[in-house]
Amino acid sequence: MALLPILCYPDLRLHTVAKPVAAVDARIRQLCSDMLQTMYEASGIGLAATQVNVHERLIVIDLSQEHDQPLVLINPELVWTSEGKHLNEEGCLSVPGIYDGVERFDAVHVRALDAQGHSRVIEAEGLLAVCIQHEMDHLLGKVFVEYLSPLKRNRIKTKMLKAQREDAR
């Protein structure tokens with residue numbers, strides 16, 4: 001397993017639309033494993049391949065404290081969304097230290113392949129539903145700050161660029 005570098009907003013590569021995974025093979029299983037390790041090391045609960053500069057439709061999630069309930073979603077697609085929505089405080093490994101409210105569906109059903117290539121439907125609500133929607137946005141080239149006002153988004157962009165300059169010193 002290897003730790004992968006996580007792209008930070010406003011890196012333009014975060015806006016790349018991911019292509020479908022052609023085959024669930026050893027390369028993809030290794031990527032899943034590396035992404036999970038990277039996510040755990042960064043104290044995250046979800047990570048999209050886009051965030052590690054791999055532009056294929058793959059996300060990993062683990063909401064457990066023990067890091068023992070990994071969920072791999074390859075080529076995920078929303079097949080149902082609840083009528084109700086809720087404002088949730090979100091953060092992102094690609095926008096470290098920034099949290100803000102984003103409106104998401106209360107519940108979703110997602111069809112995806114697992115790490116063995118088996119098709120399954122995940123019925124999610126609460127935090128899992130929010131996390132799935134957040135990570136699926138990454139696959140579409142969308143970062144959560146794009147739901148915020150232009151003023152907030154510009155402030156975050158300025159803050160992130162300043163932090164990156166300071167880190168480079």
Side-chain angles (χ1 to χ4, degrees), residues 3-21 24 28-65 67-82 85-115 117-148 153 156 160:
L3 289 179
L4 305 170
I6 297 173
L7 300 177
C8 283
Y9 181 79
D11 192 309
L12 294 177
R13 294 172 291 181
L14 289 168
H15 300 295
T16 305
V17 176
K19 296 187 177 355
V21 171
V24 180
I28 290 296
R29 283 189 286 279
Q30 184 63 53
L31 178 59
C32 293
S33 180
D34 292 347
M35 285 175 59
L36 283 164
Q37 181 183 0
T38 301
M39 179 187 74
Y40 295 144
E41 185 70 25
S43 300
I45 59 171
L47 188 66
T50 301
Q51 293 176 270
V52 294
N53 203 28
V54 176
H55 303 287
E56 294 181 81
R57 294 187 54 79
L58 167 62
I59 61 179
V60 296
I61 296 171
D62 191 340
L63 303 181
S64 70
Q65 293 290 326
H67 299 158
D68 62 354
Q69 296 174 31
L71 178 63
V72 171
L73 301 175
I74 299 169
N75 296 334
E77 57 181 296
L78 282 177
V79 293
W80 177 86
T81 59
S82 64
K85 291 185 173 184
H86 193 84
L87 191 66
N88 304 279
E89 178 114 330
E90 292 187 24
C92 181
L93 294 177
S94 291
V95 194
I98 304 295
Y99 300 88
D100 213 315
V102 176
E103 189 174 63
R104 301 280 188 188
F105 293 106
D106 293 328
V108 295
H109 294 179
V110 179
R111 180 179 300 114
L113 302 176
D114 63 17
H118 301 123
S119 182
R120 56 190 291 199
V121 174
I122 307 295
E123 297 179 4
E125 57 185 28
L127 181 58
L128 180 57
V130 169
C131 193
I132 288 172
Q133 292 169 81
H134 176 107
E135 299 308 332
M136 286 183 70
D137 274 354
H138 279 298
L139 301 179
L140 298 172
K142 191 168 188 175
V143 181
F144 90 97
V145 298
E146 293 173 51
Y147 288 100
L148 308 178
R153 199 168 45 249
I156 291 167
M160 297 299 298

Item to check | Residue list, side chain to side chain donor-acceptor pair (under 3.5 Å) with Ser64, at least two apart or on another chain | outcome: Asp62, Asp68
Checklist entry - Are more than 12 heavy atoms from other residues, nucleotides or ligands located less than 6.0 Å from atom CD of Glu41? => result no
Checklist entry - Are the side chain of Thr81 and the backbone of Phe105 linked by a donor-acceptor contact shorter than 3.5 Å? => result no
Checklist entry - Looking at Ala107 and Ala129, what are the two nearest heavy atoms and their distance? => result CA-CB, 4.1 Å
Next on the checklist: Leu3 vs Gln37, test: side chain to side chain contact (heavy atoms under 4.5 Å, CB included). Steps then yes/no.
Outcome noted: CA-CA 6 Å; Leu3 289 179; Gln37 181 183 0; 3.7 Å; yes
Checklist entry - Can you pull the salt bridge (charged side-chain N to carboxylate O under 4.0 Å, His left out) pairs that have at least one residue in residues 48-61, sequence neighbours excluded? => result Arg27-Glu56
Checklist outcome for this item: Interatomic distance, CD1@Ile122 vs CG@Leu78, rounded to 0.5 Å, equals 12.5 Å
Checklist entry - So among Val60, Leu58, Asp34, which one has a side-chain contact (heavy atoms from CB on, under 4.5 Å) with Leu47? => result Val60
Item to check | Residues that Thr50 engages under side chain to side chain donor-acceptor pair (under 3.5 Å), provided they are two or more places apart | outcome: none
Next on the checklist: Give me the atom names and distance for the closest heavy-atom approach of Cys92 to His138.
Outcome noted: SG-NE2, 3.4 Å
Checklist entry - Say you draw a straight line from OG of Ser43 to CG of Leu93; how long is it, rounded to the nearest 0.5 Å? => result 8.5 Å
Item to check | For the student: nearest non-hydrogen atoms of Leu148 and Gly101, plus distance | outcome: CD2-O, 3.6 Å
Checklist entry - What is the minimum heavy-atom distance between Val24 and Asp114, and which atoms define it? => result CG1-O, 4.1 Å
Next on the checklist: Check whether Asn75 reaches the backbone of Val21 with its side chain - one donor and one acceptor, N or O, closer than 3.5 Å.
Outcome noted: yes
Checklist entry - Tell me, which pairs form a salt bridge (charged side-chain N to carboxylate O under 4.0 Å, His left out) where one or both residues lie in residues 5-17, sequence neighbours left out? => result Asp11-Arg13
Checklist outcome for this item: The side chain to side chain contact (heavy atoms under 4.5 Å, CB included) partners of Lys19 (sequence neighbours excluded) come to none
Checklist outcome for this item: Distance col, row Met39:CE vs Leu4:CG, nearest 0.5 angstrom, shows 12.0 Å
Item to check | Partner set under side chain to side chain donor-acceptor pair (under 3.5 Å) for His86, not counting sequence neighbours | outcome: none
Next on the checklist: Restricting to side chain to side chain contact (heavy atoms under 4.5 Å, CB included), what partner residues turn up for Arg111, sequence neighbours left out?
Outcome noted: Glu77, Val79, Ser119, Val121
Item to check | side chain to side chain contact (heavy atoms under 4.5 Å, CB included) partners of Leu127, counting only residues at least two apart | outcome: Ile45, Leu63
Next on the checklist: Return the OG1 to CG distance between Thr16 and Asn53, rounded to the nearest 0.5 Å.
Outcome noted: 7.5 Å
Checklist entry - Do any pairs count as a salt bridge (charged side-chain N to carboxylate O under 4.0 Å, His left out) and have a residue in residues 93-102, sequence neighbours left out, and if so which ones? => result Asp100-Lys152
Next on the checklist: Going by the rule side chain to side chain contact (heavy atoms under 4.5 Å, CB included), which residues pair with Val102 if we only count those two or more places apart in sequence or in a different chain?
Outcome noted: Glu90, Arg104, Phe144, Tyr147
Next on the checklist: Please report the interatomic distance OH(Tyr9) to CD(Gln51), rounded to the nearest 0.5 Å.
Outcome noted: 14.0 Å
Next on the checklist: Could you report the tightest heavy-atom contact between Pro76 and Ala112, atom names first, then the distance?
Outcome noted: CA-CB, 3.8 Å
Checklist entry - Within a strict 4.5 Å, meaning less than it, do heavy atoms of the Met136 and Val110 side chains meet? => result yes
Item to check | Nearest non-hydrogen partners of Ala49 and Leu139, listed with the distance | outcome: N-CD2, 4.5 Å
Checklist entry - Would a distance-only check, ignoring hydrogens and angles, find a side-chain to backbone donor-acceptor pair under 3.5 Å from Glu103 to Lys85? => result no
Item to check | Counterpart residues, side chain to side chain donor-acceptor pair (under 3.5 Å), relative to His67 (two or more places apart) | outcome: none
Checklist outcome for this item: d(Ile132 CD1, His109 NE2) to nearest 0.5 Å is 10.0 Å
Checklist outcome for this item: For residues 119-136, the salt bridge (charged side-chain N to carboxylate O under 4.0 Å, His left out) pairs (sequence neighbours left out) are none
